[in-house]
Amino acid sequence: MAKNLLLGIDVGGSGIKGGLVDVSKGELVSERFRLATPQPATPKAMAKTFAAVVEHFDYKGAIGCGFPAIIKKGVAHSAANIDKKWINTNAAGLFSEASGCKVTVVNDADAAGLASSYFGLGKGRKDVVLFLTIGSGIGSALFMGGKLIPNTELGHVYLKGQDEIAEKFAADSARKREGLSWEDWGKRFNVYLRHIDRLLSPDLVILGGGASKHFAKYEACLEVAAQVEPSHMKNMAGIIGAAVCAIPTKK
Ligand code: BGC
């Protein structure tokens with residue numbers, strides 16, 4: 001396997017997706033392979049699915065993994081859309097053991113944001129850039145001058161009049177669960193975005209995750225001061241950024 005090809009795995013609440021990435025260009029060079037996240041999404045069950053994704057690629061080498069939780073030194077410190085058993089689990093250790101490869105684990109939104117910062121719309125930006133992934137949850141990666149502030153978890157803020165965290169109201173899973181049109185969901189997402197805009201005044205907000213592919217359907221609902229753009233990487237940023245995190249010098 002060429003040195004610049006690394007396996008990136010994006011672990012989500014509904015799917016575990018992998019792909020081989022040319023980390024010098026930030027490009028997916030294989031097909032994307034996806035298996036459904038087992039339910040309940042326990043460490044044991046997810047490690048098995050993770051290993052099956054690795055096996056699909058017949059891969060032996062360093063793996064980078066984006067994981068939907070607060071991650072410090074490979075250990076999960078939260079579990080919003082996965083089983084609570086993940087809290088305090090060493091995800092890097094568990095996935096390394098299950099796959100037989102060295103796995104580096106970071107927060108999934110941080111991974112996707114890094115892809116955008118190295119290769120996408122965030123590249124070369126000196127100002128405040130916020131990357132949001134919209135899927136089962138809402139993940140965030142905040143950058144200042146290209147430097148990541150990890151684990152910001154901005155999907156977990158509270159909105160006025162809501163007694164649950166914002167992602168329960170504004171993630172793509174809320175649209176699906178409640179059968180909302182893109183326009184109705186877009187109005188909700190706008191409430192969320194305006195709140196975040198008021199808190200942080202980002203210069204650029206980049207949207208990733210499943211909902212970013214449908215940006216044209218809700219773009220007109222977004223009324224915020226910040227410039228808002230869908231990621232050009234569609235929802236591949238998570239895999240690409242994860243692979244980049246497996247390069248020792250970019251950790
Ligand atoms: C998790 C985050 C994650 C986001 C997107 C949230 O529920 O708390 O860690 O980045 O979902 O997957």
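Index from 1, following the sequence. Note that ligands are numbered from 1 as they come in the structure, with each ligand's atoms numbered from 1 the same way.
The H156 neighbourhood of ligand 1 comprises atoms 1 (C), 6 (C), 7 (O), 8 (O), with distances under 4.0 Å to a heavy atom of that residue. Each of the following atoms of ligand 1 lies closer than 4.0 Å to a heavy atom of A80: 7 (O), 8 (O). Counting the atoms of ligand 1 from 1 in the order shown, those under 4.0 Å from a heavy atom of E167 are 6 (C), 7 (O), 11 (O). In the vicinity of G139, heavy-atom distances shorter than 4.0 Å reach the ligand 1 atoms 4 (C), 5 (C), 10 (O).
Where the criterion is an N or O separation shorter than 3.5 Å, residue side chain and backbone included, T133 fails it with respect to ligand 1. Polar contact check, S140 against ligand 1: no nitrogen or oxygen pair lies under 3.5 Å apart. For ligand 1, one of its N or O atoms has an N or O atom of E153 under 3.5 Å away.
With contacts defined as side-chain heavy-atom distances shorter than 4.5 Å, the pair W182/H214 qualifies. A 4.5 Å side-chain heavy-atom check between F119 and V244 finds at least one atom pair inside the cut-off.
Closest protein heavy atom to atom 5 (C) of ligand 1: D108 OD2, 3.4 Å.
Checked for salt-bridge contact, D197 and R194 miss the test: no charged N lies under 4.0 Å from a carboxylate O. Residues R188 and D184 are not paired through a salt bridge, judged by the lack of any N-O separation under 4.0 Å between the basic side chain and the carboxylate.
S231 and S212 are not linked by any side-chain donor-acceptor pair at a separation below 3.5 angstrom, with hydrogens and angles left out of the test.
Distances shorter than 4.0 angstrom occur between a heavy atom of A69 and an atom of ligand 1.
Residues Y192 and A166 approach most closely at CD1-CB, 3.5 Å, considering heavy atoms. S140 and D110 make their closest contact through O-OD1, 3.4 Å (heavy atoms, listed as atom of the first residue, atom of the second, distance).
When heavy-atom distances to ligand 1 are checked against a 4.0 Å cut-off, I138 comes that close only through its backbone atoms N, CA, C and O.
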